[in-house]
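Structure first, commentary second.
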Number of protein chains: 2
Amino acid sequence: MMSKTSKELLEQFRSQCKARGLSITPQRTAIYEALIGSQDHPRTEDIYNRVKTAFPDMSIDTVYRTLCLFAEIGFVHLVEGYGEAKRYDPDTECHHHFRCMRCGRILDFREPRFDALDVPERFKQNCAVSNIKVVLEGVCDHCLQKTVES
Amino acid sequence: MMSKTSKELLEQFRSQCKARGLSITPQRTAIYEALIGSQDHPRTEDIYNRVKTAFPDMSIDTVYRTLCLFAEIGFVHLVEGYGEAKRYDPDTECHHHFRCMRCGRILDFREPRFDALDVPERFKQNCAVSNIKVVLEGVCDHCLQKTVES
DNA sequence: TACTATATAAGAATGATTCTTGTTCAGCAA
DNA sequence: TTGCTGAACAAGAATCATTCTTATATAGTA
């Protein structure tokens with residue numbers, strides 16, 4: 001999934017922080033490591049729980065602030081959602097999502113045919129489009145199964 | 001934008017409610033009318049404000065419940081968002097969104113080339129895909145302009 | 001017209017997130 | 001190495017969106 005080793009990513013994290021004049025704190029480092037170690041689409045609280053072992057008295061506010069900062073910088077992507085808690089995507093390479101509208105599950109998929117979609121002229125000219133993605137909405141296999149059972 | 005007149009839509013609303021055993025209350029009717037009269041992507045509170053004139057003591061909880069119900073039924077679509085308040089889309093026909101990641105603005109667009117995207121086999125077989133859409137993320141013209149000014 | 005299940009209003013409760021304030025610390029300079 | 005300063009942090013209060021609880025009202029039906 002990740003094309004770089006976590007060591008390389010950490011080095012990149014440090015240099016990017018420096019380049020932007022951001023302090024490299026133990027908290028930020030821990031949050032970054034928790035992110036790149038995630039295979040899912042964690043909410044802020046998930047990351048908080050994952051770093052809490054190593055940092056028992058980290059404030060959850062720090063996690064909120066840091067993830068928000070990381071999303072702005074591009075270290076992580078904010079996942080499109082439907083009004084629940086924000087979820088982040090450590091995979092910043094082009095991919096797409098299936099979203100279960102019943103349980104909220106997110107399934108990633110790669111689809112080269114979708115990666116090269118051409119941005120309409122109108123947006124190309126007036127806006128700065130940083131990402132283009134396809135979202136499938138529906139009901140996942142788990143939820144379909146539950147429906148059948150009941 | 002709407003291919004049916006609001007009178008036709010209201011009639012459809014009534015028959016759909018009946019078919020599902022749902023009471024046709026003045027509140028639901030007002031909320032439905034506010035929805036089909038919207039050219040934007042209103043939040044629950046926006047709809048609440050729009051019906052408040054006619055129903056000064058409608059509870060906002062009713063608006064929450066009703067919009068949620070309407071989304072389940074398909075009278076309205078829930079818009080993909082980024083952790084802020086839910087937003088609804090009265091336009092249930094196939095279209096796509098540009099999303100400004102700075103101010104949250106949503107721009108609709110039609111793009112026939114995007115409407116016919118083929119759902120990957122994996123989802124076709126195991127999941128019930130009800131909607132496929134393209135999301136452009138970026139910074140809108142307004143926000144770009146502000147950046148230039150400052 | 002009366003009945004009953006459904007829907008509603010009001011306000012309390014919850015969950016996610018942000019703000020405020022005082023403290024700590026990373027990065028830089030002496 | 002030490003001291004300084006602005007940035008970052010912890011803690012808890014505050015806010016915002018949403019849901020829940022409960023008592024009342026009403027739509028649809030008998």
Side-chain angles (χ1 to χ4, degrees), chain A residues 10 13-32 34 41-73 75-76 78-88 101 104, chain B residues 10 13-32 34 41-73 75-76 78-88 101 104:
Chain A
L10 259 174
F13 162 73
R14 294 169 158 281
S15 63
Q16 282 280 322
C17 284
K18 270 183 194 160
R20 293 167 184 273
L22 298 169
S23 306
I24 300 165
T25 67
Q27 288 91 336
R28 283 183 181 160
T29 309
I31 292 169
Y32 186 77
H41 307 85
R43 298 165 302 136
T44 306
E45 209 186 336
D46 298 322
I47 295 293
Y48 175 61
N49 290 329
R50 289 170 205 179
V51 295
K52 210 158 53 175
T53 317
F55 289 79
D57 43 53
M58 185 182 296
S59 166
I60 195 165
D61 180 53
T62 297
V63 186
Y64 274 105
R65 267 184 296 105
T66 303
L67 288 177
C68 190
L69 175 73
F70 285 0
E72 271 172 31
I73 295 177
F75 283 166
V76 68
L78 189 50
V79 178
E80 73 289 343
Y82 296 88
E84 347 69 54
K86 280 191 186 70
R87 291 174 71 172
Y88 293 93
M101 302 304 274
Chain B
L10 258 173
F13 161 74
R14 294 170 156 281
S15 62
Q16 283 280 322
C17 283
K18 269 183 195 160
R20 293 167 185 273
L22 298 169
S23 305
I24 300 165
T25 67
Q27 290 92 334
R28 283 181 180 163
T29 308
I31 291 169
Y32 186 77
H41 307 86
R43 297 166 302 136
T44 306
E45 209 186 337
D46 298 322
I47 295 294
Y48 176 61
N49 290 329
R50 289 170 205 179
V51 295
K52 210 157 54 176
T53 318
F55 289 80
D57 44 51
M58 186 183 294
S59 164
I60 195 167
D61 180 55
T62 297
V63 186
Y64 274 105
R65 265 184 298 106
T66 304
L67 287 177
C68 189
L69 175 73
F70 285 1
E72 270 171 31
I73 295 175
F75 284 166
V76 69
L78 188 49
V79 178
E80 72 289 344
Y82 296 88
E84 347 70 55
K86 279 192 186 72
R87 291 175 71 171
Y88 292 94
M101 301 303 275

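Chain A is the first sequence line, chain B the second, and so forth, proteins listed ahead of strands; every chain is numbered from 1.
F55(A) and A30(A) make their closest contact through CE1-CB, 3.5 Å (heavy atoms, listed as atom of the first residue, atom of the second, distance). The minimum heavy-atom distance linking Y88(A) with V79(A) is given by the pair C-CG2, 3.7 Å. When all heavy atoms of R50(A) and A34(A) are compared, the closest pair comes out as CB-CB, 4.5 Å. What you find for I31(A) and V63(A) is that their closest heavy atoms are CD1-CA, 3.9 Å. Summarising the geometry of F13(A) relative to F70(A), their closest heavy-atom pair is CE1-CZ, 3.7 Å, with the distance given to 0.1 Å. Annotation for F75(B) and Q16(B): closest pair CZ-CB, 3.5 Å, computed over non-hydrogen atoms.
Computed from coordinates, the L69(B) CG to dT6(C) C1' distance equals 12 Å when rounded to whole Å. Counting to the nearest Å, the C1' atom of dA8(D) and the CG atom of L67(A) are 15 Å from each other.
Although no hydrogens or angles enter the test, the distance criterion places no donor-acceptor pair under 3.5 Å between the side chain of N49(A) and the main chain of D46(A). A donor-acceptor contact shorter than 3.5 Å is absent between the side chain of R14(A) and the backbone of I24(A). For the pair R87(B) (side chain) and G81(B) (backbone), a donor-acceptor distance under 3.5 Å is absent. Using a distance-only test at 3.5 Å, with no hydrogens or angles considered, a donor-acceptor pair links the side chain of S59(A) to the main chain of D61(A).
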Report each atom pair, protein N/O against N/O of nucleotides 12-19 of chain C, whose distance is under 3.5 angstrom.
| residue | atom | partner | partner atom | Å |
| --- | --- | --- | --- | --- |
| dT17(C) | OP1 | K86(A) | N | 2.9 |
| dT17(C) | OP2 | Y64(A) | OH | 2.6 |
| dC19(C) | N4 | D61(A) | OD1 | 2.8 |
| dC19(C) | N4 | D61(A) | OD2 | 3.2 |

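DNA chain C lies under 4.0 Å from no heavy atom of any residue of residues 51-59 of chain A.
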(message) Protein within reach of the bases, or only the backbone? For nucleotides 22-30 of chain D, mark each nucleotide 5' to 3' as B, S or -, using heavy atoms under 4.0 Å.
(response) -----SS--

